[in-house]
Every structure is written in structure tokens, then in C-alpha cells.
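Taking it in order: structure first as C-alpha cells, then the write-up.
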Amino acid sequence: MTMLQNTLSEKIPNWQESLKNILSEKGKKVISEVTVEQAVKGMRGVKSLICDTSSVSAEKGLIIRDHPILDITHILPEEVLHLLLTGDLPSDDQLADLQNQLKLHQDPPDYIWKVLEAMPADSHPMTMLSVAIQSMRVDSLFVEKFNKGTVKSDYWKWILDDGIKLIGVLPSIAAGIYRMRTDKNNRISNDPDLDWAGNFAHMLGVNESDDFKKLMRLYLMLHSDHEGGNVSAFSSLTVASSLSSPFLAIGAGLNGLAGPLHGLANQECLKFVLEIRDHFNGSPTKEELAEFCWKRLNNGRVIPGYGHAVLRCPDPRFTAFMNFGKKHIHDDDVFRIVESLFDVVPPVLREHGKAKNPWPNVDAASGSLLYYYGLKEFNYYTVLFSLSRVMGIVSQIVINRALRIPITRPKSVSIDWLKNNI
Ligand code: HAX
């Protein structure tokens with residue numbers, strides 16, 4: 001057994017006991033009411049899911065297992081994974097053990113490359129990633145054990161195994177997709193001496209500097225989780241609740257992440273910033289920038305990277321990226337525009353009067369940093385987001401099965417029902 005499996009085997013009975021007690025003591029208490037507006041408008045604010053890996057407070061942003069995200073920006077993605085899954089930061093031994101487990105899986109099976117090479121040459125990198133992940137169902141230990149009649153209490157173990165396999169192999173697959181899509185046809189081999197994110201940065205082959213590796217570590221830890229109700233996590237959790245293979249469930253979530261109102265916003269964001277740079281032939285004044293934003297809003301388009309369904313403050317993950325940029329990036333028009341947008345957009349959105357949250361979200365700054373280090377193909381950016389988010393989603397699926405959360409099935413009502421019954 002790995003150290004991670006051991007830790008979880010010790011903790012899960014306590015979590016199960018605690019949930020059982022809550023259900024018997026408070027099972028019938030009401031935690032949320034649903035207005036007609038909430039039912040029609042994306043269930044915003046309805047408390048109807050359990051998620052222990054992280055929570056998002058409107059005023060403070062992301063908190064991973066009691067650690068506000070800005071307090072842990074120095075830790076590695078592997079440490080975040082351990083934290084998400086177990087509630088504890090790993091000891092040195094636990095970290096080394098987890099890193100070794102991930103390394104066991106870092107070489108993709110051959111069929112992955114055959115599947116990817118057979119896809120149309122203009123496939124979006126997110127489509128390629130999703131297809132590659134879903135094709136790994138053939139290697140799902142959960143499916144194999146399920147078909148042999150494994151007991152329910154062991155589901156989480158096989159799902160964890162699939163999750164570690166997937167997280168281990170993803171850097172190679174994601175870097176391979178980057179090399180294919182940018183016509184840099186040779187794939188770069190793993191460097192077994194590097195950590196998970198450092199190795200990924202190395203395999204991209206765009207920048208060998210330590211700063212770029214640092215950026216990747218930060219990027220891949222910051223995007224790891226955002227509680228259970230966002231489109232990608234919720235979609236994956238719903239699919240996984242039917243006991244579909246984790247590979248298919250995660251593919252479903254990433255298909256949601258590929259939407260421009262969710263993860264794809266990071267590509268839209270950089271596109272927007274580059275449009276500004278090209279339009280003004282450099283960095284515009286704040287007045288020019290405000291006018292540019294107004295034009296876009298008046299054309300019925302959103303300002304990418306601003307607004308959020310839950311947050312009502314600048315996203316601390318945006319702050320973490322800005323802090324990185326201020327430290328490492330000097331004299332760069334693209335980053336300068338991102339800084340100016342932070343001054344200009346919130347008052348514009350307030351005056352515009354629609355967005356409930358005028359502040360930047362996680363996607364507003366990250367693209368400018370990637371661009372600076374030479375990762376310029378912005379339609380690839382959501383793949384980076386995915387690589388990180390898989391850690392949170394895997395953790396949530398493992399915990400949900402350990403807690404025996406049943407198949408998801410909320411009730412829908414018709415518009416006639418609303419007319420006649422409310
Ligand atoms: N620019 C212009 N209008 C905006 C806006 C923005 N950045 N943010 C919200 N609005 C508008 C909405 O489109 C909506 O308009 P309608 O009433 O005409 O439909 C209105 O303000 C109310 O929306 P809201 O309640 O404040 O926001 P939602 O919860 O509906 O949507 C979104 C949240 C993130 C989707 C939204 O703010 C948006 O579209 N932002 C731009 C895209 C973006 O940055 N997405 C990334 C979010 C972070 C993330 O999940 N990354 O993965």
C-alpha cells in the first residue's frame with residue numbers, strides 16, 4: 001500500500017462516521033431554499049452539494065482545506081494534491097512517496113499517441129486532451145474491479161489508483177499535445193529528476209529557465225480546485241456518481257472547462273489583451289482603455305477575466321499571479337495592459353451595472369505571464385488549467401465514493417408548473 005492509501009484508509013472511517021452522525025442528527029434540517037430565479041438562473045447560491053476539498057468564500061476567495069490560497073502559494077502541486085485528498089500537507093516522506101507514485105505512470109501508453117495523431121489537424125487542444133483522457137478507460141482499474149464485483153467500500157481505492165495514474169501521465173500527454181499542435185513534432189522525454197510541474201515545463205520545450213518552472217508550479221497549484229459546484233467539477237462529479245469510469249467522468253468535466261465562460265476564458269483573456277496592444281500599438285492610456293472596454297460592452301460582449309458567479313472580490317489567485325508578474329516581469333506591454341485593466345475595468349463594470357462582481361477572476365492575469373515566457377499559443381492555455389483542475393476533481397470523486405454519495409438526481413420542473421403552482 002502507498003503512504004497516501006494508508007493515510008486515506010485511516011481517515012475515511014472517521015469521515016464516514018462523522019457524516020453518518022450528521023445525517024442522523026441533522027438529516028432533515030433545511031440548509032437552503034430555492035427561489036424561482038435560482039432554479040431558472042443556474043442554481044446560483046443553492047447549497048445542495050457536499051465538498052470538503054475546498055470552499056470559495058465570496059469575500060475571501062479560495063480556501064483549500066482551511067488554508068487560504070494566498071498562504072500556500074509556495075507549495076508544489078503534488079503537496080496540494082495531498083492536501084486536497086487527505087486534509088493534511090504531506091511530510092517529506094509522504095511527498096516523496098506520492099511523487100514516486102506519479103512518476104511510475106509518466107509514460108503514456110502508445111495508443112494515446114495513435115488516437116491523437118488520427119484527429120483532425122485543427123482539433124482544439126482541449127478536444128485532444130479530453131479524447132486522450134477518455135480513451136484511457138481501457139486502463140481503468142475501477143472498471144476492471146467493478147466488473148469483477150468489487151465491494152462498494154473499496155470503490156474509492158480503485159478510483160484513487162485511476163486518479164494517480166491519470167495525474168502521473170497527464171504532463172506527458174499535455175506536453176505532447178502542445179508539441180503536436182505547434183508543429184514542434186519531436187516530443188521531449190520526461191526528466192525523472194524534476195518535480196511534476198517542473199518536468200511538465202521542461203517537456204513543453206518553450207523555456208528552460210527556472211522562473212518558467214516556478215510559474216508552472218504556481219499555475220498548476222493555483223487552479224487545482226474551486227469547490228464542487230463549478231461547471232467542470234459538477235459535471236465530473238455527476239458523471240462519476242453513475243459509477244462511470246473516472247476517465248470518462250473527468251473527460252466530461254474538462255469538456256465543460258473548455259467553455260468560454262469557464263476555463264476557456266483564459267485564452268479569451270489574452271486574446272483581448274493582445275487585441276488592445278495591437279489596436280494601440282503598445283500600452284494605451286487608461287482613458288483609451290476605458291473607451292475600448294465600453295465599446296466592447298456596448299457590442300454586447302463580456303470583458304474576459306472579470307466577473308464571477310460566486311466571488312465578490314478580486315480573486316486571490318489573480319493576486320498571486322500579479323505578485324509573480326510584479327516580481328519577475330519588467331518592461332512588458334502585455335503585462336502593463338493587464339495591470340491597467342485592473343484599474344480600469346472594475347469602475348467601468350460598476351457603471352455598466354450588470355455584472356454582480358466587477359473584479360478580476362483567475363484568468364485575468366495568467367495568460368500575460370505565459371506569453372512573456374514564450375508560451376504564446378493561447379488556445380493551449382485551458383489545457384494547463386485542466387492539468388491542474390484534474391487534481392481537485394480526482395480528489396472530490398475519491399471522497400464522494402468513500403462517503404458513498406449516491407447518484408446525482410435533482411428534480412426539474414416545467415415552466416407550466418411554475419406558472420400554475422407558485
Ligand atoms: N463583462 C460583461 N458583462 C458581464 C461580465 C463581464 N465580465 N460578467 C458578468 N456580466 C454580465 C452577465 O453576462 C450577465 O448579463 P445578462 O444579465 O445580460 O445575462 C450579468 O452581468 C449578470 O451576471 P453575473 O450574475 O454577475 O455573473 P454570472 O454568474 O452569470 O456569470 C461569469 C459569471 C464568470 C460567467 C461572468 O462574469 C462572465 O461571463 N465573465 C467573463 C468570462 C470569464 O472571465 N469567465 C471566467 C470565470 C472564471 C472561471 O470559471 N474560470 O474557469
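Computation of the quantities below employed the complete heavy-atom set of this structure, encompassing side-chain atoms and omitting hydrogens, waters and symmetry-equivalent molecules. What you are looking at is a predicted structure, and each value in this text was computed from that prediction instead of being measured. Counting starts at 1 for both ligands and their atoms, in listed order.
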Q. Of all the heavy atoms in Arg44, does at least one lie under 4.0 Å from an atom in ligand 1?
A.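 Yes, that is the case, since the closest heavy atom of the residue is under 4.0 Å from the ligand.
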Q) Taking the non-hydrogen atoms of Leu264, is any one of them nearer than 4.0 angstrom to ligand 1? A)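 No, Leu264 has no heavy atom closer than 4.0 Å to ligand 1.
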Among protein heavy atoms, which lies nearest [atom], and at what distance?
{"atom": "atom 50 (O) of ligand 1", "result": "His262 ND1, 3.0 Å"}
{"atom": "atom 15 (O) of ligand 1", "result": "Lys354 CD, 4.0 Å"}
{"atom": "atom 1 (N) of ligand 1", "result": "Ile303 N, 2.9 Å"}
{"atom": "atom 33 (C) of ligand 1", "result": "Ala309 N, 3.7 Å"}
{"atom": "atom 47 (C) of ligand 1", "result": "Asn361 ND2, 3.5 Å"}
{"atom": "atom 38 (C) of ligand 1", "result": "Tyr306 O, 4.0 Å"}
{"atom": "atom 27 (O) of ligand 1", "result": "His308 O, 4.5 Å"}
{"atom": "atom 25 (O) of ligand 1", "result": "Lys356 NZ, 2.8 Å"}

Heavy-atom distance from [atom] to the protein below 4.0 Å?
{"atom": "atom 12 (C) of ligand 1", "value": "no"}
{"atom": "atom 40 (N) of ligand 1", "value": "yes"}
{"atom": "atom 43 (C) of ligand 1", "value": "yes"}
{"atom": "atom 6 (C) of ligand 1", "value": "yes"}

Q) Can you check side chain to side chain contact (heavy atoms under 4.5 Å, CB included) on Gln94 and Leu4, steps first, answer last? A) CA-CA 7 Å; Gln94 286 171 321; Leu4 182 60; over 6 Å; no
What part of [X], side chain from CB on, backbone N/CA/C/O, both or neither, has a heavy atom under 4.0 Å from ligand 1?
{"X": "Asn266", "result": "neither"}
{"X": "Asp363", "result": "side chain"}
{"X": "Val302", "result": "both"}
{"X": "Leu257", "result": "neither"}

With under 30° as parallel and over 60° as perpendicular, where do the rings of [X] and [Y] fit, or are they tilted in between?
{"X": "Tyr373", "Y": "Phe212", "result": "tilted"}
{"X": "Phe385", "Y": "His262", "result": "perpendicular"}
{"X": "Phe146", "Y": "Tyr155", "result": "tilted"}

Proximal atoms of ligand 1 relative to [X] (non-hydrogen, under 4.0 Å):
{"X": "Gly263", "answer": "52 (O)"}
{"X": "Phe385", "answer": "51 (N), 52 (O)"}
{"X": "Ala355", "answer": "4 (C), 5 (C), 8 (N), 9 (C), 10 (N), 21 (O), 26 (O)"}
{"X": "Leu349", "answer": "1 (N), 2 (C)"}
{"X": "Gly305", "answer": "43 (C), 44 (O)"}
{"X": "Leu261", "answer": "35 (C), 39 (O), 45 (N), 46 (C), 47 (C)"}

In terms of side-chain geometry, is the basic nitrogen of [X] or [Y] positioned less than 4.0 Å from the acidic oxygen of its partner?
{"X": "Glu339", "Y": "Arg336", "result": "no"}
{"X": "Arg389", "Y": "Asp225", "result": "no"}
{"X": "Glu377", "Y": "Lys184", "result": "yes"}
{"X": "Arg65", "Y": "Glu227", "result": "no"}

Q: Test Asp191 against every option in Asp193, Asp195, Ile188 by the side-chain contact (heavy atoms from CB on, under 4.5 Å) rule and name the one that passes.
A: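 Output: one option passes, namely Asp193.
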**Q.** Nearest-option assignment for atom 46 (C) of ligand 1, heavy atoms, candidates Pro260, Ala265, Gly259
**A.**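 Among Pro260, Ala265, Gly259, the closest heavy atom to atom 46 (C) of ligand 1 comes from Ala265.
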Between [Y] and [X], do the side chains contain a donor N or O and an acceptor N or O under 3.5 Å apart?
{"X": "Thr2", "Y": "Asp97", "result": "no"}
{"X": "Ser283", "Y": "Asp333", "result": "no"}
{"X": "Ser366", "Y": "Asn266", "result": "no"}

Q: Report the C-alpha separation of His124 and Gln267 in whole Å, then their side-chain angles, then the decisive distance to 0.1 Å, and conclude whether the side chain to side chain donor-acceptor pair (under 3.5 Å) test is met.
A: CA-CA 12 Å; His124 191 282; Gln267 94 168 40; 3.1 Å; yes
Q.
Against Phe321, only a single residue in Phe342, Phe335, Tyr372, Tyr219 fulfils ring-ring contact (aromatic ring centres under 6.0 Å, His included); can you say which?
A.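 Going through Phe342, Phe335, Tyr372, Tyr219 one by one, the ring-ring contact (aromatic ring centres under 6.0 Å, His included) with Phe321 is satisfied by Tyr219 alone.
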Q. Considering only heavy atoms from C-beta outward, does the side chain of Lys213 approach that of Glu208 to under 4.5 Å?
A.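 Sidechains of Glu208 and Lys213: in contact.
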